[in-house]
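Data first, discussion second: the structure below is written as structure tokens.
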Number of protein chains: 2
Amino acid sequence: MKHSDRKRADILAAAVTEFRAYGYDNTSMDRIADAAGASKRTVYNHFGSKDQMFEAIVHELMDRSDVLSDFRYEPDQPLPKQLKSIGNQILNVFSDEGYRDLARVVLSRLIVVPQCSAIISEHSSRINTMLADWMRAAHRDQRLNVPRPELAAEQFVGMLMSFGFWPALFCVQKKGLDVKQSTFVNQTVTMFLKGYQPD
Amino acid sequence: MKHSDRKRADILAAAVTEFRAYGYDNTSMDRIADAAGASKRTVYNHFGSKDQMFEAIVHELMDRSDVLSDFRYEPDQPLPKQLKSIGNQILNVFSDEGYRDLARVVLSRLIVVPQCSAIISEHSSRINTMLADWMRAAHRDQRLNVPRPELAAEQFVGMLMSFGFWPALFCVQKKGLDVKQSTFVNQTVTMFLKGYQPD
DNA sequence: CAGAAATTACACTGGTGAGTGTATTTTTCG
DNA sequence: CGAAAAATACACTCACCAGTGTAATTTCTG
């Protein structure tokens, strides 16, 4: 890796760390430069302004959740097995500490930069659509009775997120609910499939 | 109402509006004073500092969700009816525009003022506990099979929030899912009860 | 190695905003 | 009414910070 690229990466990483610790507005470009072990001028050579640097961070956040590929419906595999795998895939992305750091920085800036919501919208609806497709396939196969696949997808993802993403994002510790991710996913898949099981 | 109290309320309201529109750090005390039709000095006489003013806003947020009283379990009422009522109660609080404005301001400041998460934690766990109690009662009554009431409560609230709170909070419009609140609640209650129905 | 490209140190500008001091006017209340 | 409490106008301090200019140094690349 070239020295220049290394610098760029260092700066971006330092920016996320500092933004995460102090918030966007309370982090000066001088501090980012310091933390990255770079000079302020270099920071400005790579990212024209503080805003552009933030934009770069938003892009990094988006790239992260692109690892979620299609949730393929397998006609010859048991539904619980398939849905558990999907659930764990989703939670693995969203419960990653690095992903949450990025998300915190971006979400806390949403008031000031509302354009971000369009981007987030895009991504969350991508996951939802993929999951709804899976539901529709299972419905067509008569192994599930899901009259509204989009609504059902929303429900499923909602349960996962409110277990493994939102509380951790806001550093809220859950009292009285101390279970592993896999336990929660299993339990949720079981309940969900029973709730949508054909008559 | 005394002139002094009126001023205080005006200032607080103006602060929420401005913070909501521009974010905490990009809102100057001068602007708040202007928007409230008060002098800067009066602002400082009521709230010693910008931070203290923010604190007052947090307290207002907390008071709002205290309207949720016990979710009483009624042995002689149908479960769907009871749970729908609970679901709608919850969503009525969280989908109120004023509540969301407050929540946006507070959440966007969480990075800088992590103490807030303890407060939020308190509140979300309060709702969860109340709902878990309801579940436990229905389980004891053998009308539901809920081995883990806390987990089930988390699931139920999670579905509601990810329909009616998070997207609206972040101004994310949901593509491909255009249903009324009551429809979503009804559908969710039906699925949930079927998923936890006793064998 | 030689020239180009990137990095650095550092000083500097211009703007903004939190919080204060003060003298004056308005509101409250016995 | 009359005195105390609150509100106002306004000027002012002090600190912080985004972004720039420049000249010297280091790193890349042919």
Side-chain angles (χ1 to χ4, degrees), chain A residues 1-59 105-106 108-116, chain B residues 1-59 105-106 108-116:
Chain A
M1 190 187 238
K2 284 195 310 197
H3 187 252
S4 173
D5 295 340
R6 164 94 261 142
K7 276 280 132 140
R8 194 195 146 93
D10 285 351
I11 292 168
L12 210 51
V16 173
T17 307
E18 298 298 307
F19 287 161
R20 163 73 188 89
Y22 304 102
Y24 181 87
D25 292 293
N26 299 304
T27 300
S28 67
M29 293 296 263
D30 293 85
R31 184 152 55 190
I32 293 173
D34 262 13
S39 83
K40 190 178 182 176
R41 216 60 180 83
T42 305
V43 173
Y44 275 96
N45 286 340
H46 279 289
F47 311 91
S49 69
K50 203 178 178 183
D51 274 323
Q52 280 173 258
M53 198 158 69
F54 178 72
E55 219 173 284
I57 291 176
V58 174
H59 281 100
V105 171
V106 172
S108 73
R109 203 95 231 283
L110 239 159
I111 282 183
V112 184
V113 192
Q115 299 87 329
C116 291
Chain B
M1 190 186 240
K2 284 196 309 200
H3 187 254
S4 172
D5 295 341
R6 165 95 261 143
K7 274 283 131 145
R8 194 195 146 92
D10 285 351
I11 292 168
L12 211 50
V16 173
T17 307
E18 298 298 306
F19 286 161
R20 163 74 188 88
Y22 305 103
Y24 181 88
D25 292 293
N26 298 304
T27 301
S28 67
M29 294 297 263
D30 292 86
R31 184 152 56 190
I32 293 173
D34 262 14
S39 83
K40 190 178 182 177
R41 216 61 178 82
T42 305
V43 172
Y44 274 97
N45 285 340
H46 279 289
F47 311 92
S49 69
K50 202 177 178 183
D51 274 323
Q52 280 173 258
M53 197 159 70
F54 178 73
E55 219 173 286
I57 290 177
V58 174
H59 282 98
V105 172
V106 171
S108 74
R109 250 310 14 238
L110 237 159
I111 282 182
V112 184
V113 191
Q115 299 87 329
C116 291

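For the numbers below, each heavy atom of this structure counts, side chains included, while hydrogens, waters and symmetry mates do not. Residue numbers begin at 1 in each chain, while the letters A, B, ... track the order of the sequences. What you see is a predicted model, and the numbers here were worked out from it, not measured in a lab.
For A/Ser39, taking side-chain heavy atoms from C-beta onward, the closest of the listed nucleotides C/dA18, C/dT8, D/dT20 is C/dT8.
Taking the nucleotide of DNA chain D with the nearest heavy atom to each of B/Ala38 and A/Tyr24, the more 5' of the two is matched to B/Ala38. Projected onto DNA chain D by closest heavy-atom contact, B/Gly37 and B/Lys40 fall at different nucleotides, the more 5' of which corresponds to B/Gly37.
Straight-line distance from the CG atom of B/Asn26 to the C1' atom of C/dG15: 14 Å, rounded to whole Å. The nearest whole Å value for the distance from the CZ atom in A/Arg6 to the P atom in D/dT26 is 21 Å. Distance, A/Arg41 CZ to C/dA6 C1': 12 Å, rounded to whole Å. One can place CD of A/Glu18 at 15 Å from C1' of D/dC17, the figure rounded to the nearest angstrom. Rounding to whole angstrom units, CE of residue A/Met29 and P of D/dC16 are separated by 18 Å. Atoms CG (B/Asn45) and P (C/dA18) sit 16 Å apart, rounded to a whole Å. Note: NZ (B/Lys50) to P (C/dT20) measures 15 Å, nearest angstrom. Straight-line distance from the OH atom of B/Tyr22 to the P atom of C/dG17: 12 Å, rounded to whole Å.
Note that the two end axes of the helix from C/dC1-D/dG30 to C/dG30-D/dC1 enclose an angle of 40°, each drawn from 5 base pairs, rounded to 10 degrees.
With hydrogens and angles ignored, the 3.5 Å screen pairs no side-chain donor or acceptor of B/Lys7 with any backbone N or O of B/Val43. In this structure, the side chain of A/Lys40 does not engage the main chain of A/Ile32 through any donor-acceptor pair within 3.5 Å. A donor-acceptor pair under 3.5 Å is formed between the side chain of A/His59 and the backbone N or O of A/Glu55. For the pair A/Thr27 (side chain) and A/Gly23 (backbone), a donor-acceptor distance under 3.5 Å is present. For the pair B/Arg31 (side chain) and B/Asn26 (backbone), a donor-acceptor distance under 3.5 Å is present.
Applying the salt bridge (Lys or Arg N to Asp or Glu O under 4.0 Å) criterion to A/Asp51, with sequence neighbours excluded, gives A/Arg109.
Looking at heavy-atom distances under 4.0 Å, A/Thr42 makes contact with a base.
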Set out, in order, the CA-CA distance, both residues' side-chain angles and the distance that settles side chain to side chain contact (heavy atoms under 4.5 Å, CB included) for B/Met53 and B/His46, then state yes or no.
CA-CA 9 Å; B/Met53 197 159 70; B/His46 279 289; over 6 Å; no
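In this model, the phosphate group of C/dA6 is not approached by any side-chain N or O of A/His46 to a distance below 4.0 Å at OP1 or OP2. Put simply, B/Lys7 has a side-chain N or O that comes within less than 4.0 Å of OP1 or OP2 on D/dT8.
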